[in-house]
Chemist: 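What follows is a single structure, and I will ask about it in a moment.
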Amino acid sequence: MQGQRADYTQLFKAVMSGIRVPRIGVGRPRSTPSSVSADRTYSSLAIRQYLRRRGIRHSIPEKSDQAANRRMRGQAGGRPPGFDQVRYRKRDTVERAISKLKNYRAVATRYDKRAWLRT
């Protein structure tokens with residue numbers, strides 16, 4: 001069942017249930033992180049409610065169409081969800097660094113494309 005509308009919410013919950021945050025001292029790992037940073041894909045009401053119920057702070061930007069709909073509703077639309085730009089920039093920096101590392105790994109392991117190996 002690929003391409004369904006709410007696939008990302010189900011995946012998000014599965015990933016969150018598998019998280020284990022190790023403790024500094026002794027004790028079993030925590031199953032609830034202190035905060036979550038994600039991109040606009042995860043900017044749904046269901047995900048925000050899930051995080052709020054579990055007491056997890058988040059830094060997820062609001063989609064432009066969601067913001068427009070909220071503003072169009074006026075006072076009934078409520079206030080915008082909290083968003084920490086500094087934390088989001090740090091997430092983006094880490095994501096770009098991981099992407100670069102993956103790119104270097106792909107270049108380093110292409111043995112079949114190296115001319116000197118074919119001879």
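Computed over heavy atoms, backbone and side chain alike; hydrogens, waters and symmetry mates excluded. Keep in mind that what you see is a predicted model, and the values were worked out from it rather than measured.
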Chemist: With a 4.5 Å heavy-atom cut-off, do R48 and S43 have their side chains touching?
Modeler: yes

Chemist: Are more than 12 heavy atoms, taken from residues, nucleotides or ligands other than R23, located less than 6.0 Å from that residue's CZ atom?
Modeler: yes

Chemist: Would you give the length of the straight line joining atom CZ of R96 to atom CZ of R91, rounded to the nearest 0.5 angstrom?
Modeler: 9.5 Å

Chemist: In terms of relative ring orientation, are F12 and Y42 parallel, tilted or perpendicular, with 30° and 60° separating the classes?
Modeler: tilted

Chemist: Answer yes or no: is there a side-chain heavy-atom contact under 4.5 Å between V36 and M16?
Modeler: yes

Chemist: Would L51 end up clustered with V21 when hydrophobic side chains under 4.5 Å apart are linked, directly or stepwise?
Modeler: yes

Chemist: Within a strict 4.5 Å, meaning less than it, do heavy atoms of the Y88 and D39 side chains meet?
Modeler: yes

Chemist: Mind checking whether Q66 and L45 have side chains closer than 4.5 Å, heavy atoms only?
Modeler: no

Chemist: Would you say N69 and R73 make side-chain contact, with heavy atoms under 4.5 Å?
Modeler: no

Chemist: Taking side chain as C-beta onward, heavy atoms only, is I47 less than 4.5 Å from H58?
Modeler: no

Chemist: Please confirm whether the backbone N or O of T32 pairs with a side-chain atom of R30, one donor and one acceptor, at under 3.5 Å?
Modeler: yes

Chemist: How close do P61 and A38 get, counting heavy atoms only, and between which atoms?
Modeler: CD-O, 3.4 Å

Chemist: State, yes or no, whether a side-chain contact exists between S31 and R20 at a heavy-atom distance under 4.5 Å.
Modeler: yes

Chemist: Assess, by modelled atom type and distance only, whether the side chains of S37 and R87 contain a donor and an acceptor separated by less than 3.5 Å.
Modeler: no

Chemist: Among V94, D92, T93, V86, which residue meets the side-chain contact (heavy atoms from CB on, under 4.5 Å) test with K90?
Modeler: V86

Chemist: Work out which heavy atom in P33 is nearest to a heavy atom in I19; give both atom names and the distance.
Modeler: CD-CG2, 4.3 Å

